[in-house]
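All values below come from the heavy atoms of this structure, side chains included, with hydrogens, waters and symmetry mates left out.
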Amino acid sequence: MLRPNLPLDRQFLATLLACLPGFVVLGVLAVSNYLAWPAALLGAAALFVVSWPLVRLYLGDITVFARFIARLSGGDGVAEPPSFKLSVAAEELSRAATALHANWRLQNIALLAASSASKRILDGLPDPLIAVDRVRRITHINANAEAMFGTQAIGRDLASVLRQPQALAAVDASLAGGDASIVEFISSARVETVQMVHIVRLKEPAGDGTAVLLAFHDVTALRRTERMRADFVANASHELKTPISTLLGFIETLRGAAKDDEEARTRFLAIMDEQAQRMARLVNDLLSLSDIELREHTRPNTPVDAGAVLRSVLDLFELRARQRSIGLKLEIDSDSTMVLGDRDELGQVFQNLVDNAIKYSRNGATVRCHVERLNESLRIAVIDQGEGIAESHLPRLTERFYRVDDARSRKLGGTGLGLAIVKHIVNRHRGQLQIDSVVGQGTTVAVTLPLAPPLSALQDAAPGSRRTA
Ligand SMILES: Nc1ncnc2c1ncn2[C@@H]1O[C@H](COP(=O)(O)OP(=O)(O)OP(=O)(O)O)[C@@H](O)[C@H]1O
Ligand SMILES: [Mg+2]
C-alpha cells in the first residue's frame, strides 16, 4: 500500500499539538527564570523540528489504517493488513479488523445459503404462497404464486396482483389485528379454478417487515366432487320418488275407489309390479355402482375369456333382439380373447352395451360385436345402426343418471346408470372406454382391456411355482 501524502498544514498543526506540552514546560521554565528566553525559544524550535518527521510517520500510519478499513468495508476480499512505520496500535487494530472481516464474510455466506434454501423450500411448495408487509406490499412470492399471479410482484401492493375484494378485506382485517381467516374465490387466471386462501398473521413481524401470509389451495376438484355427490343424492331420491308415489297412489285407489273392481285391480297390480321392478333395478344398480367404486383400486387378476363372456351375453339377448327383428353378429379377429379380469363384471359391461345397442336401434337393424387384438390389449366394440348421439352429449354419457332423452330412456326402463357402471368396471380393469357416434348413422362403444399374459407366464408368476431349466 502506498504511503499517503498528508497536506502540509495538517502535518504542521499536528506537530504543534504534539509539541504543546513541551512548549508549556519550556515557557514555564523561562517565566520562572530557570531558563533564559533565547534558550527556551531555541529548545522549542529544536523540539518542533525533531517531532515533525515522527508526527508525520504516525499520522501516515493512521491514514493507512483508515484506508485499509475503508477497503474492507467496501466488500473487497480479505486483504492482508498493511505494514506500519510507527504505530503499534494501528498494526494491532488492523489485525483485529482483518479477523473480524473474515468472520463477517463467513457469516454472510451462511446467511446467503440459508436465505437461498428458504427460497427453494418456498418455491418447492405445491401451493402458491404470498407474504405481505404491514402496508400490504408483497415481500415474498413463491414460484407457484408467480405462475398464478405473474412475476415482478415484489414490492407491489397485493391488490395489483390479487383482485379479490373479499380476500383483500380479510388481509386488511388480519393486518389490523384480526384472527386468521379463510376465503374462497373463483380465479380466472388461465383456467377457471376455485381457490381457498388461508390468511395468517405472523406472531411477530419478520425482520424484512413481512406481517401476513396468504397460502392458496386449489379446491376445484373437491368442490366438484361435493357438487356431484349432492347431485347424485338429489337424482337418486328423485328416481326413487317417482315409482314410490305411483305405488302409493295405486295402493290408495285399490283401497278406495277401485276396491271391488276386479279388472282395475289386475291392471293396477301390473303397473305396480312394473314400478316395483324399476325400484329394484335402480337399487341394484346403485349397490353395484358403490360396490365397484369401493373395489376400483384393486385390479382383477384372473384370466377370463372375454370372447366367451360376450358370446353368452349375446345368447341372453337373442330372444329380445329377434322380437324386434334385430340381427346380432359376433366377429372375433384375434387368436386369443383372454384378458385379466372379473368374469361377472365383464358380463355386466357387455350386457349394458348390448342392451343399449338394441334399445336405441330401429327394428330390423343389426348390432355388431367386433373383437380384435391391439398390441397388448383386446378391443371389444359394440356397433349399432341406431339413432346415434349428438357430439355435445358424448362427454357426459358416463355420468350417473345422464340420459340424452330422459323420458324416452325412462320409458324403455333405463335407470341412466348403465354407462356409469361400465366406466367404473373398465377403470378397475385398467382398460379404456371410447364412445363414437354419428347422429342418424349409429353408435360404436369400444372397451379396450389389457390381454392376459400367456398361461405359462402366469404359472411361473404364481407363488410356489418353480422353473425347470
Ligand atoms: N347405443 C346407443 N345409442 C344411442 N344412445 C345411447 C346409446 N347408448 C347410450 N345412449 C344414451 O346414453 C344414455 C345413458 O346410457 P346408460 O346406459 O347409462 O343409461 P340407460 O340405458 O338410459 O339406462 P340403464 O343402462 O341404466 O338401463 C342413454 O339414456 C341414451 O340416451
Ligand atoms: Mg344402458
Within the structure provided, determine whether [X] and [Y] are in side-chain contact (heavy-atom separation under 4.5 Å).
X	Y	answer
V404	L397	yes
P450	V339	no
V309	R343	yes
L340	T302	no
L247	M279	yes
L378	V371	yes
L419	N356	yes
I421	I425	yes

Is the number of heavy atoms from other residues, nucleotides or ligands within 6.0 Å of [atom1] ([X]) greater than 12?
X	atom1	value
R156	CZ	yes
E226	CD	yes
E293	CD	yes
N363	CG	yes
R120	CZ	no
R430	CZ	yes
Q432	CD	no
D333	CG	yes

Going by an N to O cut-off under 4.0 Å, is there a salt bridge joining [X] and [Y]?
X	Y	answer
R320	D355	yes
R403	E239	yes
D291	R295	yes
R428	E296	no
R223	E184	yes

Tell me yes or no: between the side chains of [X] and [Y], is some donor less than 3.5 Å from an acceptor?
X	Y	answer
N144	E146	no
Q195	H217	no
Q348	S288	yes
T444	D436	no
T210	T139	yes

For [X] and [Y], work out which heavy atoms get closest and say how close.
X	Y	value
I130	A145	CG1-CB, 3.9 Å
A365	S361	CB-CB, 4.3 Å
A258	F268	CB-CE1, 4.0 Å
E345	H429	OE1-CE1, 3.4 Å
V161	A153	CG1-CB, 4.0 Å
S94	F68	O-CE2, 3.6 Å

Test side-chain contact (heavy atoms from CB on, under 4.5 Å) applied to L168 and R136, step by step: CA-CA 9 Å; L168 292 172; R136 226 177 54 183; 4.1 Å; yes

Strictly distance-based, threshold 3.5 Å: is any side-chain N or O of [X] a donor or acceptor partner for the main-chain N or O of [Y]?
X	Y	answer
S174	A170	no
H101	I69	no
S437	G442	yes
N235	D231	yes
R324	I358	yes
N352	V422	no
T337	D305	no
R163	S160	yes
D342	P300	no

L314 and its side-chain contact (heavy atoms from CB on, under 4.5 Å) partner, picked from L330, V382, V367: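 Of the listed residues L330, V382, V367, the side-chain contact (heavy atoms from CB on, under 4.5 Å) partner of L314 is L330.
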
Measuring from [X]:[atom1] to [Y]:[atom2], what's the distance to the nearest 0.5 Å?
X	Y	atom1	atom2	result
M148	S187	CE	OG	4.5 Å
I141	Q152	CD1	CD	11.0 Å
L202	D133	CG	CG	11.5 Å
I199	I182	CD1	CD1	9.5 Å
R373	D335	CZ	CG	6.0 Å
L162	L214	CG	CG	7.0 Å

Test ring pair (Phe, Tyr, Trp, His ring centres under 6.0 Å) applied to F317 - qualifying residues, sequence neighbours left out: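 Not a single residue meets the ring pair (Phe, Tyr, Trp, His ring centres under 6.0 Å) criterion with F317.
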
Derivation of the side-chain contact (heavy atoms from CB on, under 4.5 Å) call for R311 and I332: CA-CA 10 Å; R311 198 172 286 120; I332 298 190; 3.6 Å; yes

Derivation of the side-chain contact (heavy atoms from CB on, under 4.5 Å) call for L175 and R201: CA-CA 7 Å; L175 284 169; R201 187 164 45 93; 5.8 Å; no

Worked verdict on T220 versus D218 for side chain to side chain donor-acceptor pair (under 3.5 Å): CA-CA 6 Å; T220 319; D218 188 340; 2.4 Å; yes

Non-neighbouring partners of R396 that pass salt bridge (Lys or Arg N to Asp or Glu O under 4.0 Å), sequence neighbours left out: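 By the salt bridge (Lys or Arg N to Asp or Glu O under 4.0 Å) rule, R396 matches E399.
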
Qualifying ring-ring contact (aromatic ring centres under 6.0 Å, His included) pairs, either residue in residues 126-151, two or more places apart: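 Listed by first then second residue: F149-F216.
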
side-chain contact (heavy atoms from CB on, under 4.5 Å) between L353 and V447, intermediate numbers included: CA-CA 10 Å; L353 300 188; V447 170; 3.8 Å; yes

